[in-house]
Amino acid sequence: FQPKPLAGSRVLITAGPTCEPIDPVRVITNRSSGKTGYALAQAAYEYGATVQLVSGPTALACPPGVERIPVQTAVQMRDAVMQRVDDADIFIAVAAVADWRVENQSSEKLKKKDGQPPALHFVQNPDILAEVAARPDAPWCVGFAAETTLDPEMAQEKRRRKGVPMLIGNLAQHVMDADHTTVELFDDEGMINLGSGEKLEIARRIVQEIAQRYVRPH
Ligand code: C5P
């Protein structure tokens, strides 16, 4: 008998990049394969949770048993999350959300004009994780920090700024599209090195750590 530490709990996950249109044929996006988020969705399902995966565009198959909600933009991702957040016990934000979207999107394909590159105006996208964490009945929230240099103090500062009990840090240049990753866990107690390995193996470790800390309301 394998005990399932997340049996009966509902997990909402964001994964992948978001795609912000410039015009009907051009987008601004982030380099994210979605592999870490999809591995977490699979691991949470294996551990007994009901899993909803709000995913930006990726080339990945949806893990069996997981419900995928496909989105393109950060605003669509936010709306899809907000529609479901009241039914979630745990929220894991893995998506590489574009920080900005183009305010002056063109409904027509922009034309090349001699020496006249288009001027794009950016507006900030909503911070989905911070918005979820600030809700009165917020689910138990986990954030990710993919940085090019990972400084424990910066990670803890980000965790507190987002208002979340757990932040997982990884080094961006090592993880983009890779099947392996190295992660560190930050919480109120400090930092725990969760080691290196295949993304699914690391995802299982992360889910185990979440299950240990998440106290189900009765
Ligand atoms: O602030 P930064 O983008 O480094 O934070 C990363 C964490 O916040 C990740 O968990 C990411 O999914 C989440 N995030 C979000 N909405 C944004 C930006 C980041 O949910 N607009």
Side-chain angles (χ1 to χ4, degrees), residues 11-21 27-41 43-44 51-58 60 68-85 88 90-103 122-135 138-176 181 183-187 191 194 199 202-203 206-207 209-210 213-214:
V11 177
L12 181 62
I13 301 178
T14 64
T18 67
C19 255
E20 312 296 332
V27 297
I28 288 172
T29 190
N30 278 344
R31 288 179 59 196
S32 164
S33 67
K35 285 176 183 171
T36 300
Y38 277 56
L40 277 158
V51 184
Q52 292 187 312
L53 178 64
V54 178
S55 174
T58 74
L60 303 173
R68 173 163 58 182
I69 301 99
V71 296
Q72 294 282 330
T73 67
V75 169
Q76 288 169 0
M77 183 173 276
R78 179 201 169 276
D79 292 346
V81 165
M82 292 307 158
Q83 273 171 30
R84 292 165 179 82
V85 72
I90 297 170
F91 177 59
I92 313 176
V94 199
V97 182
D99 290 315
W100 309 282
R101 66 178 177 276
V102 179
E103 190 178 32
F122 290 95
V123 279
Q124 191 125 2
N125 269 327
D127 188 324
I128 302 167
L129 175 58
E131 197 173 323
V132 168
R135 288 169 67 88
W140 205 84
C141 290
V142 181
F144 268 70
E147 303 286 347
T148 43
T149 51
L150 197 64
D151 165 354
E153 268 174 34
M154 266 179 49
Q156 287 290 22
E157 198 276 318
K158 177 171 290 192
R159 186 178 69 80
R160 283 187 285 266
R161 182 160 33 88
K162 301 261 179 183
V164 300
M166 187 191 284
L167 187 92
I168 304 295
N170 49 19
L171 280 175
Q173 66 265 48
H174 296 162
V175 295
M176 297 286 182
T181 187
V183 299
E184 276 157 357
L185 182 159
F186 298 89
D187 70 359
M191 184 182 100
L194 292 185
K199 283 184 174 172
I202 294 294
I206 294 170
V207 170
E209 297 288 338
I210 293 171
R213 288 166 179 78
Y214 161 67

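Positions are given from 1, in the same order as the sequence printed here. Computed over heavy atoms, backbone and side chain alike; hydrogens, waters and symmetry mates excluded. Counting convention: from 1, in listed order, for ligands and their atoms alike. Please read these numbers as outputs of a predicted model, since none were measured by experiment.
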Counterpart residues, side chain to side chain donor-acceptor pair (under 3.5 Å), relative to Thr58 (two or more places apart): Tyr38
Do the side chains of Gln124 and Asp99 get nearer than 4.5 Å, heavy atoms only? no
Output the set of protein residues with a heavy-atom contact under 4.0 Å to ligand 1, ordered first by chain identifier and then by residue number. Ala93, Val94, Ala95, Val97, Pro126, Asp127, Ile128, Leu129, Gly143, Phe144, Lys158, Lys162
Arg84 side chain to Ala80 backbone, donor-acceptor under 3.5 Å: yes
Can you give me the closest heavy-atom contact between Ala98 and Thr18, atom names plus distance? N-OG1, 3.0 Å
Summary of salt bridge (Lys or Arg N to Asp or Glu O under 4.0 Å) pairs that have at least one residue in residues 148-159, sequence neighbours excluded: Glu147-Lys158, Glu157-Arg161, Arg159-Asp188
By salt bridge (charged side-chain N to carboxylate O under 4.0 Å, His left out) - contacts of Glu209 (at least two apart): Arg213
